[in-house]
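This report refers to the structure that appears directly beneath it.
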Amino acid sequence: MGRVRDAVTTGVRAVRRIPIPAALSHSALREARRATPPGHVQKAHAIEQEMIGRTRTVWLDRHRADRGLIVFLHGGAYVSGPFASDWAWLSRQAEAADCAALMVDYRNAPDHQHPVARDDAMAVIETLAREDRLPECGWVLAGQHSGGGLAMVVARHLRETAGVPAPSALIVISPWLDLELSNAGITETDRVDPVHERRLLHDAARRYARRTPLGDPDLSPINGSLEGLPPLHLSVGLKDLFLPDVRVARLQLEEHGADLAYREVSGRLGLQLMPRKGEDIERLHREHAELVARALGR
């Protein structure tokens, strides 16, 4: 798949402030967490739970692992998740590729702090490699929101991990790339993103980071090297708080000559508790499916 080069909007139009949604609270995040797949996902796939080391994982159609594997890191600001939107994306992509999928339910703050999420994800992938359970045809690493940022951290570490095949592709959906939320451009997206969400994310970042500086590249991959990553699809919503950081990441990736597909969609993608629908989302799913198919040699 060639590089997707949509025109990038240089500014974000000011609109009426959105009312603070009830979903954006720590209690609502905990209640929205779906430790097991929703009913429609359970009907569509063979579901198996497995503890890999200290990490709970959930397989979708493990019997199809010889046809490829999608490893997914969920959203939730490191304090919750997975959500219905995580399960919906993973189910749809696994079905489209006729392959297996694995939800990595990494441990969350406040009970578990950095680097637990990174270590959980790395340990799962290293165990699969050691036990020859990463398919020869290839595997894909994907993540949304905090899981998208975490996926980029993990992909960077995998470049330096002996004995573990690198993912054939990387898909990150509205990734949280800077836990400091330090980009001055956020003042623009604040006009369309509730200020409450920024406060919630600051609190979540502190809960997870503990004593680690929020700018550490293992927390904020925008501050680390983005060189040498596998073919990558990067997407963000025009009303997402993370839009300025994702645009910076896009420029950095292009400067390094990355095999990059990029998409900005209307509305929001970040911190979505429920899956979105619409023409933009359908196009995004198609692009993801195309990259997965290419990564798995289809």
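Computed from heavy atoms alone, side chains included, the values below leave out hydrogens, waters and symmetry copies. Not measured: the values here are computed from a predicted model.
- Of all non-hydrogen atoms in P135 and A65, the two that sit nearest each other are CB-O, 3.1 Å.
- Within a 6.0 Å radius of CD in E136, other residues, nucleotides and ligands contribute 12 heavy atoms or fewer.
- For the salt bridge (Lys or Arg N to Asp or Glu O under 4.0 Å) condition, the pairs that include at least one residue of residues 209-225, sequence neighbours left out, are R118-D218, R156-D218.
- Here R67 does not pair with D61 in a salt bridge; the nearest charged N to carboxylate O distance is not below 4.0 Å.
- For the pair N223 and P217, the tightest heavy-atom approach, listed with the atom from each and the gap, is O-CG, 3.9 Å.
- The structure places NE2 of H145 at 9.5 Å from CD of Q272, a figure rounded to the nearest 0.5 Å.
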task = Take I222 and Q252, measure what side chain to side chain contact (heavy atoms under 4.5 Å, CB included) needs, and give me the verdict at the end.
result = CA-CA 9 Å; I222 195 72; Q252 292 181 3; 4.2 Å; yes
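- The hydrophobic cluster containing L134 also contains W59, counting ILVMFWY residues as joined when their side-chain heavy atoms lie under 4.5 angstrom apart, directly or transitively.
- To the nearest 0.5 Å, atom NZ of residue K239 and atom OG of residue S266 are 8.0 Å apart.
- R107 approaches R54 most closely through the heavy-atom pair NH1-CD, 3.8 Å.
- When hydrophobic clusters are built by joining Ile, Leu, Val, Met, Phe, Trp and Tyr residues whose side-chain heavy atoms come closer than 4.5 Å, directly or via intermediates, M152 is not grouped with V116.
- The structure places CD1 of I125 at 6.5 Å from CE of M122, a figure rounded to the nearest 0.5 Å.
- With salt bridges taken as basic N to acidic carboxylate O contacts below 4.0 Å, one links D203 and R207.
- No more than 12 heavy atoms of other residues, nucleotides or ligands lie within 6.0 Å of CD in E279, so this atom counts as exposed by the packing criterion.
- Note on V153: it does not cluster hydrophobically with L141, by side-chain heavy-atom contacts below 4.5 Å among ILVMFWY residues.
- Note that CZ of R283 and CZ of R263 are 4.0 Å apart. Values are rounded to the nearest 0.5 Å.
- Here the OG atom belonging to S182 is positioned 6.5 Å from the CG atom belonging to D245, to the nearest 0.5 angstrom.
- Rounded to the nearest 0.5 angstrom, L219 CG and L214 CG are separated by 6.5 Å.
- Between V79 and A204 the shortest heavy-atom distance is CG1-CB, 3.8 Å.
- Side chain of Q42 to main chain of P37: a donor-acceptor pair is present (N/O by atom type, distance under 3.5 Å, no hydrogens or angles).
- Ring-plane geometry between Y78 and W176 is classed as tilted, the angle between the planes lying from 30 to 60 degrees on a 0 to 90 degree scale.
- One finds a salt bridge joining D98 and R64 here, because a Lys/Arg side-chain nitrogen approaches an Asp/Glu carboxylate oxygen to under 4.0 Å.
- In terms of modelled atom types and a separation under 3.5 Å, the side chain of R298 and the main chain of A97 share a donor-acceptor contact.
- Side chains of R294 and D259 form a contact here, defined as non-hydrogen atoms less than 4.5 Å apart.
- Side chain of Y106 to backbone of H74: a donor-acceptor contact under 3.5 angstrom is found.
- Of the possible polar contacts, one joining the Q93 side chain to the A289 backbone as a donor-acceptor pair under 3.5 Å is found.
- The shortest side-chain heavy-atom distance between V246 and S174 does not fall under the 4.5 Å cut-off.
- Across every non-hydrogen atom of A77 and S146, the tightest pair is N-OG, 3.1 Å.
- The backbone N or O of W87 lies less than 3.5 Å from no partner atom in the side chain of S91, so there is not a single donor-acceptor pair.
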task = Go through the steps for L102 and V124 under the test side chain to side chain contact (heavy atoms under 4.5 Å, CB included), then give the verdict.
result = CA-CA 10 Å; L102 184 67; V124 166; 3.9 Å; yes
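- When every heavy atom of P165 is checked against every heavy atom of W139, the shortest pair comes out as O-NE1, 3.1 Å.
- One N or O on the side chain of T57 and one on the backbone of E50 form a donor-acceptor pair closer than 3.5 Å.
- Checked by atom type and distance alone, the side chain of T127 never pairs as donor or acceptor with a backbone atom of I52 at under 3.5 Å.
- Residue E264 is tested with L234, L269, L284, L238 for a side-chain contact (heavy atoms from CB on, under 4.5 Å); the sole match is L238.
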